[in-house]
Each structure stands twice: as C-alpha cells, then as structure tokens.
Amino acid sequence: MKVYQTTDIRNIGLIGGAKSGKTTLAEDMLFEGGVINRKGSVDDKNTVSDYRQIELERQNSISSTVMYSEVNNKKVNIIDTPGMDDFIGEVVSTLKVVDSAVMVVNAMNGVEVGTEVTGRLAETNNVPLIFAMNHLEHENSNFDETFEKLKDSFGGGVTVIQYPVNAGVGFNSVIDLLKMKMFRFADDGQAELLDIPDDEKAKAEEMQAALIEDLASSDESLMEKFFDKGTLSEEEISGGLKEGIKSRSVFPVLCINAKQNMGVARLLEFICNNAPAPNEMPAVTTVGGEELSFDPEGPAAAFVFKTVIESHLGEVTFYKLYSGEIKEGMDLMNARSRNKERITQIYTFAGKNREKLEKIVAGDIGAFIKLKDTVTNDTLSTGGKELQIKPIDFPEPKFRVAVKAKNQADDEKLGLALNEIHQTDPTVIANYYKELKQLILQGQGELHLNIVKWHLENLEKIEVEYLPPKIQYRETITRTSQATYQHKKQSGGAGQFGEVHMIIEPYEEGMPEPSKFKLKQTQRKSSVNPLSISKGDTEITVSVRGKEEISLEWGGKLIFYNCIVGGAIDARFLPAIQKGLMERMEEGPLTGSYARDIRVMVYDGKMHSVDSNEISFKIAGKTAFSMAFKEAGPKILEPIYDLEVIVPEDKMGGVMTDLQSRRAIIMGMEGGTIKAKVPLAEMNRYSTALSSLTSGRATYSIKFAEYAPVPTDIQEKLLKAYEEQQKEED
C-alpha cells in the first residue's frame, strides 16, 4: 500500500444511535474504495466491521473497528463505533483521534438519544460533524421532520447539501445543492447524474439560496460578500463550506440508502473535498505544554487509542501519529513506563485484515503488533523528547456486580482475564474490596457486563457467577464521647497491663484545637471489672502535646492527639494505641464498615513497670475507642452519586416517579435532562429499569459525590442484618 502524506489523509468516525446503519455504511465505503470486492451485510454476518464471534451472534457492533478506504488518491481512515450506550467508551476513544465524524441518522426515528449523546461527545472533543440521513427508502422515513429536529438539537448550522426527491418506498433520487444536479440511483447503487427536473427547480433554487445564506452567516467576510452581491461564487461556497465544517459552525446533511449503497460514493467524495485533513485541525497540546501540529518533519509522537487481542496475531496496538514519521526498525520511548519499544512492523487494518506499510506519516492511523509494554493512553515518541499526549477521559462506570469464579481454582485466572479485558476496554474496571470481601466488576450497563461474562465463559473458559454487590458504607460519630479501658491479663509469667483514657469527637475541616470538654456521661471498663457508668456531667481539660493527621485510604481523616501529661503513658506506647484505633476503624463497630472523620484525644492512662507492653496498649486503645464510638451518636454513611439522565420529554414523568422511589433528590431539570442526587444502594440494575421505562430511549451517567447519613429506618435494618451475619459466622 502506498504511503499517504498528511494532506491526503482523512480520519473519520462513524457515530450515531443503534441500528442507524453505521456498519453497513462502513461496508459501502470499503467497497467504493476497492478494499473489498463484494459487500457483506449484517444479516449475512459477513461484514468487515462486525467480525468478532459475539458480534456475529448478536448482530450488533460491540467494539469499534478501524478500517480504511482509498478514494480519489486520498486515504480515508474509518472507525465504525457501536451505537448502544453500554459501549460508549468506544465512541469516546474514537472521537479522541478522528478529525471529523459522520453522524448516521435514522430518518424513520429522527434524533434519538444516541444521536444526542454522541453529538455532545463530538462537541466536547471539538470534532466537526457531517450528517448522513439513512433509511430514506422506508415508508416511515421523514426527511423534513428529521432535519428540523437536527436543527433543534444541533443549532442553525445544520445545513442541507442534499435532499431526497422521493423519500419512502422506491426512494432512488436526491437533489445535490452544490452540484445543482439530480442523482438517480440504480438498484446496485450506481448513480446517474441528471439535470434537475422542472418541477423541482424552484425548490432546489430556494434551498440552495438557504445553503448560501447559512454559509455566509458562518463567516463575517463571507457575510460582507453576500450583502454586496446577494450570493456567493462557487469558490466562495466551497471555501466557506470547508471552513464552516472545520469550525463546527456548519453541519452539512447528505442523503444515503446504505443498504443499497445509494449516495455513498458522493458522501466519500464530499468527505475528501470538504472534511479537514489532520494538519488543518488545531494543534494538539501535550501534557508538557508542547504543541504538535502534524508536522512530518517533527519528532515522532504516536498516541495509543485502542488495544485489541486477536487470536491469530496476539496484541494489536492502534495509534494515531501526531507528529513525525515512523519506519520499521525504529526505537520509540514510552512516556509512561520510560521503556523503549522496537518497531518491527507497521500495518493499516480493515477489520481483521491487515496491510503492511513501508512507513507511516503524521496524521495517519496505524497499528503495531506485539509491543512489550504499551497500553491504551500511552504515547510513544522519538527524537530525544518524551512527549506525552493527554489521555482519553473515559466515562465513569455506572453499573456494578460482584463476580466470582464458580471453581475457586480459577480465581487467579479470573483476575488475569479481567485485567486483560480492562486493557482492551478501559471502561471495564475490576477491583477486590477487602471491606466487602467481594470482587466488584464495573461497566457501562447490564449488557456491557453480560458481554464480559460471555467473554470469560466462552473465550477464557472460566465459569463465573454474578452476585448483588455490597455497598461501601462508612461509619462516623455525631457527638463527643469519652471512655476508659483497662486491659489486664495475668498468665503465670509476665502479664499484660495497659489503661487508656480517651475522648473522641466528630472531625470537620477548620475546627479549633481541642481544650475543654463537658461530657454527659463517662464510662469505664476493664478486662476484669464490669462496666461502670457515671451519669453526671464531667469536665475534662486536655493539653495537646502532639498531633498526627492521617488521611485514610478509604476517605476522610483520623486526627490523633497526644494529650498525656505527667508521663501517665510512656510515649513509646502511643503508636500501639494508634494502631489499635486504626484496626477498629478498618472494621467499624456498627457494621464492620470503614470509620472516618474522627478526632481522638488520648489524655490519661496507667502503666505497669513490668507488665505493660505494646500489645496491652493496642488492645486497650482499640477497646476504649469501640466503647466511646457506640456512645457518640454513631451513624452509618452511604455513598451518594450525582445522576444525570437524558430522557425524551414524553417519558420524563415515569423516570421522575422511579427516581423518587429510589430516594433520589431532584436537583434540577433542563430540556430533556434530569439532574439528581441518589444513593448508590438504590441504583442496582438502574440501567435495565431505565431502558424498560423509556423503551431504550434514555441514557444516564453517574459520578460519586459524597457520603451522607442513611435514614434511621435503613440504619436499623443494616444493624440488624450485620448482627444476623455475625451470628451466622460465629
């Protein structure tokens, strides 16, 4: 395959809702470019894009597929993305590296949630958009209504380049407002270029005038020319269109019937003529602040945006070259690991098929095979510069399950398999939580994690089961409390003795240092004497001798004060007391959950000249803390998440009712978006419920916000459940 220069490369992503026709369009594009000589179809399970076993079984794209086509002496790199929300991570990584995107729109369904979500992602990544209106051959298609909805969603820059003459059953003709000609398509997609029929001329001229006005309004200099002449020249239209697409002020709309390859050749021609080349897009700023502008003469900088594992090849690393050139035999430095990677072979891919390249030039997309230590989001560079391109910001997980191998002997194999899956799909996250005693698997939805299960069982041969995930509750206190505990043990030889007096109170940022405490009750206990409680007020003055602020791994803080005076407890025993506290905080007194945000003042105690040791004070400190904790208004905290739901307005009432049943607090509504705060405990299987409520037309995202106290009735249930669990374990 020839080496294409930067100016002759177009990188496009195919995005849009499920079943809009992206995979079929990709097949057409490869056929038009001669990459394949026979078109496959999703129904026949033989497309270039959907070649993986799970995709053939489901007849849906699960992963993005990197392909290319060669059109008019230009290389068009094409990345076909899944349309289902569960696989949105594939869209995110694609939009990181393409220079424009073709939004495929189903003319029967109009603007779907998938259209809006991927459109927002394109806006976030500043990716120009071209709309391809598909399925115009169906009786329920409606070009005009869909066009108006696109304008409502994406603004006045949505501009008609082509419109259908006869949308619906028998569709075979479009008017092209740039060429001012009519394309009539045969059943095999071959186009005949004709003059516009007399009965369409007035409409075509009116719509071309609207197109020219749209282009003029997108650029001040064009607007001046338009006011002077009342129109724009062909050259001005062409230039305005290119600049408008690049600046995202113009979003052109073209017409296709992907199933019969109608209009695809013209769409490719339009992309080659008007979509920006890599070097026409803004320069990319590295983590270190350097700008990369796709200069072939610059140092090589390749950003890895996708990693796949192919059974016949091993690990395949897809990258976009942001600067320089790469040839076989070069050594590239990995900015993350600081290890060198020797480049043995360079490929361009079309699905599972590959073509060897002599070299690759800035702006192109290529692939390496079997690198040693390079993963998604890594940057490989040369020229003595450790360049690092900003990583892909993948979406937060929003669905979780606990996973375990049915055969305990497969535990290690399961961990390795999940790590490998994470390398190929960073939106799949697996972590073992010691506090929960569960391996928690997180992803973008129930379908997403069901695909992971299929992968484990069918490809890795590991039988697994999914279980309800436990919640990472936290424990804290709401008021000040005091306790004294004396640990005393005599067993013939050297004994154990340690007595600790402590005060605990809730911790908040910025609170003053401790001094005087007026306590409602004081409790004392020893390992040999019964509990003694004084109900009267007790005033205790403490003098701070030392302070340690500990940021806890699980969030929040422990502030530990040494307030010992007169040598009541030797300083060498204080670390042991603190260790006892930490052990108790790692398994809170209420439910065994982590405790957080507590100040502890150790202000008195007793030692024995022979029997006192570290274990004695560790036990005394741990027990005194437990006693004080239970008298300090203990409270269970639950994780609260910020929730954003994008939902059609006609479904909003049902979604709101469901959220209220999940203890959600509605924070606001704007357009078709609901913002709320909701407990994680109420989000189990929410993606499934939302899909059911809205017939799959809604999507959502969640992000951890804070910990907040659970309601009293729920705390009582949690305490009772923990008590029952402890009985069972005993």
Side-chain angles (χ1 to χ4, degrees), residues 1-14 25-26 28-36 48 65-80 94-102 126-130 132 178 235 238-247 252 254 264-284 291-303 305 318-328 330 346-351 353-368:
M1 183 179 181
K2 67 176 277 190
V3 175
Y4 284 87
Q5 298 305 308
T6 306
T7 54
D8 295 326
I9 295 167
R10 302 291 182 271
N11 298 312
I12 65 166
L14 302 182
L25 174 58
D28 293 337
M29 288 177 160
L30 268 61
F31 178 75
E32 288 294 332
V35 176
I36 56 175
V48 173
T65 303
V66 181
M67 298 167 282
Y68 68 91
S69 187
E70 295 177 281
V71 182
N72 298 337
N73 292 317
K74 289 183 171 58
K75 182 186 180 189
V76 182
N77 289 312
I78 304 159
I79 306 180
D80 178 27
T94 295
L95 291 174
K96 171 75 174 181
V97 295
V98 296
D99 303 307
S100 57
V102 174
N126 198 33
V127 174
L129 279 181
I130 297 167
L178 293 180
E235 184 180 342
S238 176
L241 187 56
K242 283 196 71 169
E243 285 302 312
I245 291 172
K246 185 175 75 172
S247 65
L254 288 88
V264 176
R266 172 61 177 138
L267 175 61
L268 277 169
E269 179 188 27
F270 183 87
I271 289 167
C272 291
N273 292 341
N274 298 287
N279 62 320
E280 293 174 322
M281 292 296 285
V284 174
E291 287 195 345
L292 300 176
S293 54
F294 299 98
D295 178 8
E297 303 299 321
F303 175 75
F305 67 93
F318 289 96
Y319 61 92
K320 181 178 182 180
L321 188 60
Y322 281 79
S323 176
E325 296 181 348
I326 294 178
K327 299 178 181 178
E328 288 183 6
M330 287 179 65
I346 304 168
Y347 292 99
T348 187
F349 271 69
N353 303 315
R354 65 190 188 277
E355 183 87 17
K356 200 167 183 294
L357 297 176
E358 173 192 336
K359 69 175 181 177
I360 192 167
V361 177
D364 209 348
I365 288 173
F368 301 132

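Because only heavy atoms are used, hydrogens play no part in the values below, and waters and symmetry mates are left out as well, while side chains stay in.
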Exercise for the section: Under the side-chain hydrogen bond (donor to acceptor under 3.5 Å, both in side chains) rule, collect the residues that match up with K356, sequence neighbours excluded. Expected result: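 Once residues adjacent in sequence are excluded, the partners of K356 under the side-chain hydrogen bond (donor to acceptor under 3.5 Å, both in side chains) criterion are E328.
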
Do you know which two heavy atoms are closest between [X] and [Y], and how far apart they sit?
X	Y	value
Y319	A302	CD1-CB, 3.7 Å
D99	P276	O-CG, 3.6 Å
L292	A301	CD1-CB, 3.8 Å
T7	A277	O-CB, 3.9 Å
T6	A362	OG1-O, 2.6 Å
P278	F294	O-CD1, 3.2 Å

In Å and rounded to the nearest 0.5 Å, what is the [atom1] to [atom2] distance from [X] to [Y]?
X	Y	atom1	atom2	value
I346	M1	CD1	CE	13.0 Å
I12	T94	CD1	OG1	11.5 Å
I78	L268	CD1	CG	6.5 Å
L14	M67	CG	CE	6.5 Å
Y4	K75	OH	NZ	8.5 Å
F318	T65	CZ	OG1	8.5 Å

pair [X]-[Y]: side-chain heavy atoms closer than 4.5 Å:
X	Y	value
N279	Q5	no
L267	L25	yes
F31	V48	no
K2	D8	no
L241	L178	yes
E355	V35	no
L321	D364	no
V3	V361	yes

Backbone N/O of [Y] and side chain of [X]: donor-acceptor pair under 3.5 Å:
X	Y	value
N11	G363	yes
K74	C272	no
R10	V76	no

Handout entry: I79/I365 under side chain to side chain contact (heavy atoms under 4.5 Å, CB included): CA gap, chis, key distance, verdict
Key = CA-CA 10 Å; I79 306 180; I365 288 173; 4.3 Å; yes

Practice task
Mind jotting down which residue pairs meet the salt bridge (charged side-chain N to carboxylate O under 4.0 Å, His left out) criterion with at least one end in residues 264-283? Sequence neighbours excluded, please.
Solution key: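 For residues 264-283: D176-R266, K179-E269, K242-E280, R266-E269.
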
